[in-house]
Engineer: 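Quick one: the structure is below, and I'll ask about it shortly.
Nothing here was measured: the structure is a model prediction, and the numbers come from that model.
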Amino acid sequence: GELGLYLLSILGAEANYYQYMDGKSKVGDSIDYLGFLEIYNVRVGYGQSHQNWEWQSELNRIKTNQTDRFLMVRLYF
């Protein structure tokens, strides 16, 4: 899912949620959220991402949690 909100005409926030299940061995989800400044067709934002993944095989089970920060630049045409 994706959600975008404009707080002012040039200032806003965005959030994305992804869930992955292949029905076999991989399960995971990811959420990204960021604040952005948009002037004309250029959007500059700063945000954070959280990811949780789980892999399972016959021999072992692996869980991972990861948190990242990012700077984003988008051009809209």
Engineer: Going by heavy atoms in the side chains, are Arg69 and Tyr46 under 4.5 Å from each other?
Structural biologist: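 Counting from C-beta outward, Arg69 and Tyr46 do come under 4.5 Å.
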Engineer: How many angstroms lie between atom CH2 of Trp53 and atom OG1 of Thr64, to the nearest 0.5 angstrom?
Structural biologist: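 The distance works out to 10.5 Å.
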Engineer: Report the distance from atom CD of Glu38 to atom CG of Leu11, rounding to the nearest 0.5 Å.
Structural biologist: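 Output value for this atom pair is 10.5 Å.
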Engineer: For residues Ser49 and Ser30, determine if any side-chain heavy atom of one lies less than 4.5 Å from a side-chain heavy atom of the other.
Structural biologist: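 Result yes, sub-4.5 Å side-chain heavy-atom pair found.
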Engineer: Just verifying a value: how many Å separate Asn16 CG and Asp32 CG, rounded to the nearest 0.5 Å?
Structural biologist: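 Going from the CG atom of Asn16 to the CG atom of Asp32 covers 5.5 Å.
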Engineer: From Asn52 CG over to Thr67 OG1, what is the distance, rounded to the nearest 0.5 angstrom?
Structural biologist: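 Here the interatomic distance stands at 8.0 Å.
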Engineer: At what distance, to the nearest 0.5 angstrom, does CD of Glu14 lie from CD of Glu2?
Structural biologist: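 That separation rounds to 5.0 Å.
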Engineer: Check whether any side-chain N or O of Asp29 sits under 3.5 Å from a backbone N or O of Gln19 as a donor-acceptor pair, and report yes or no.
Structural biologist: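 No.
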Engineer: Look at the side-chain heavy atoms of Ile, Leu, Val, Met, Phe, Trp and Tyr, link any pair under 4.5 Å apart, and say whether Tyr76 and Val44 land in one connected group.
Structural biologist: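 In one cluster: no.
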Engineer: Quick check: do Tyr18 and Gln51 have side-chain heavy atoms less than 4.5 Å from each other?
Structural biologist: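 Result no, sub-4.5 Å side-chain heavy-atom pair not found.
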Engineer: Would you indicate whether the side-chain heavy atoms of Tyr40 and Val42 approach each other to under 4.5 Å?
Structural biologist: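 Side chain of Val42 against side chain of Tyr40, heavy atoms only: no contact under 4.5 Å found.
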Engineer: Who clusters with Phe36? Use side-chain heavy atoms, under 4.5 angstrom, across I, L, V, M, F, W and Y, and order the result by chain and number.
Structural biologist: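 Listed partners: Tyr6, Leu34, Phe70, Met72.
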Engineer: List, by chain and then residue number, the residues other than Tyr17 in its hydrophobic cluster (Ile/Leu/Val/Met/Phe/Trp/Tyr, side-chain heavy atoms under 4.5 Å); write none if there are no others.
Structural biologist: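 Result for Tyr17 is Ile31.
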Engineer: Measure the spacing between NZ of Lys63 and CD of Gln56 and express it to the nearest 0.5 Å.
Structural biologist: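 Reported value, rounded in 0.5 Å steps: 10.0 Å.
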Engineer: Are Ile39 and Val73 linked, directly or through other ILVMFWY residues, by side chains that come within less than 4.5 angstrom of each other?
Structural biologist: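 They do not share one cluster, since no chain of ILVMFWY contacts under 4.5 Å joins Ile39 to Val73.
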